[in-house]
Number of protein chains: 2
Amino acid sequence: MGLTRTEIFSAEQNQLATLLKALAHPARIAILQRILASNTCICGDLVEELGLAQATISQHLKELKTAGIIQGTIEGVSVCYCINPVTWKLIETQMGAFLGAYIQEADCC
Amino acid sequence: MGLTRTEIFSAEQNQLATLLKALAHPARIAILQRILASNTCICGDLVEELGLAQATISQHLKELKTAGIIQGTIEGVSVCYCINPVTWKLIETQMGAFLGAYIQEADCC
DNA sequence: ATTGTATATTGCAATGTTACGATTAAATAA
DNA sequence: TTATTTAATCGTAACATTGCAATATACAAT
């Protein structure tokens, strides 16, 4: 049918999948790394630094914003983006629990 | 154009994005959690446990296998899947570095 | 050989994603 | 007011993903 059957999974599974999906693109990883590096908020210089069109960057920023990973405030003519600490912590917690559940045993296959 | 422009990003950014993409689906998270829970290898009981068709499960398993996250060996009639420790560790390392790069400061926006 | 069981593969419909040019909106500057 | 600047939105082309029925493959048992 072509659309994910979210009804059959738990809220946690769907939430983690949604968050990871928002991170699962090199452009969005690059954008976030840029924000992480210049801890202070950055704006649309991304367009110059990454080699993507302005419309494309804006679209990726929107996706990160919709997922709650970043937040933005209007700063004069430009817009200032930064990490949303709550969601970032959520990702750390959820991913930590997920990845940490693996206990390596004697190889079975 | 419709296809990710991987050439303009670093190998690390592309690799992390690819790994996260493989994890970014509730069915694949559920499959991995199932493998993590019953540490020993599990087979196609997934079809019964998750409410998805056999072809769909097989497809998700293939994606996880292609990404190197799981590995499978033929065990008589059925196939035995388990976590690939190397890739799992890689995800932990890469995600840890990525998420850990955030130092929360006085809110700027 | 034939049957049964467990997975994989193929083909396809419905939907989602990525990228970009063009346009619009909003705020400042001249 | 009229530019200029910055970012969002619209529209669209090219792919990609998701899910499933149907079919194929591979092995084991009879």
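Just the heavy atoms: all of them, side chains too, but no hydrogens, waters or symmetry mates, feed the values below. All values reported here derive from a predicted model rather than from experimental measurement.
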Kindly write out the residues that satisfy side-chain contact (heavy atoms from CB on, under 4.5 Å) with B:T93, not counting sequence neighbours, or none if the list is empty. none
Under the ring pair (Phe, Tyr, Trp, His ring centres under 6.0 Å) rule, collect the residues that match up with B:Y102, sequence neighbours excluded. A:W88
What parts of residues 50-67 of chain B reach DNA chain C, counting only heavy atoms under 4.0 Å away? B:Q54, B:A55, B:S58, B:K62
Is any side-chain nitrogen or oxygen of A:Y81 closer than 4.0 Å to OP1 or OP2 of D:dA8? yes
For B:T56, enumerate each residue passing the side-chain contact (heavy atoms from CB on, under 4.5 Å) test, keeping only those at least two apart in sequence or located in another chain. B:L52, B:A53, B:H60
Sorted by chain and residue number, the salt bridge (charged side-chain N to carboxylate O under 4.0 Å, His left out) partners of B:E48 (sequence neighbours excluded) come out as none
Is there a side-chain contact (heavy atoms from CB on, under 4.5 Å) between B:R5 and B:I8? Walk through the geometry before answering. CA-CA 6 Å; B:R5 292 186 50 192; B:I8 64 172; 3.6 Å; yes
Taking the side chain of A:S78 as its heavy atoms from C-beta onward, which of C:dT15, C:dT7, D:dA7 lies nearest to it? D:dA7
With the threshold set at under 4.0 Å for non-hydrogen atoms, list the residues of residues 23-35 of chain B touching DNA chain C in residue-number order. none
From the list D:dT18, C:dT18, C:dT7, which nucleotide is the closest neighbour of the side chain of B:V79? C:dT7
Taking the side chain as everything from C-beta on, heavy atoms only, tell me whether B:K89 gets closer than 4.5 Å to B:E92. yes
Which residues pass the side-chain contact (heavy atoms from CB on, under 4.5 Å) test with B:A30, sequence neighbours left out? A:F9, A:Q13, B:L50
Name every donor-acceptor pair, under 3.5 Å, that has one atom in a side chain of residues 73-85 of chain A and the other anywhere in the protein, sequence neighbours excluded.
{"residue": "A:N84", "atom": "OD1", "partner": "A:V86", "partner atom": "N", "Å": "3.0"}
{"residue": "A:N84", "atom": "ND2", "partner": "A:G68", "partner atom": "O", "Å": "3.3"}

Using atom types as modelled and distance alone, determine if a side-chain donor or acceptor of A:R28 lies under 3.5 Å from a backbone N or O of A:A22. yes
When every nucleotide of nucleotides 25-30 of chain C is labelled 5' to 3' by its protein contacts under 4.0 Å (heavy atoms), B for base, S for sugar-phosphate only, - for none, what sequence of letters results? --SS--
So, taking the atom named NE2 in B:H25 and the one named OG1 in A:T4, what distance separates them when rounded to the nearest 0.5 Å? 3.5 Å
Near DNA chain D, counting only heavy atoms under 4.0 Å, which residues of residues 8-21 of chain A show up? none
Nearest-Å distance, CD1 (A:I42) to P (D:dT6)? 14 Å
Return the set of residues passing side-chain contact (heavy atoms from CB on, under 4.5 Å) with B:L90 (not counting sequence neighbours), or none when no residue passes. B:Q15, B:L19, B:Q94
Name all residues meeting the salt bridge (charged side-chain N to carboxylate O under 4.0 Å, His left out) criterion together with A:E12; count only those two or more places apart in sequence or in a different chain, and write none if there are none. none
When rounded to the nearest 0.5 angstrom, what distance separates OG1 in A:T87 from CD1 in A:I70? 10.5 Å
Nearest-angstrom distance from the residue atom CZ of A:R5 to C1' of D:dT18: 11 Å
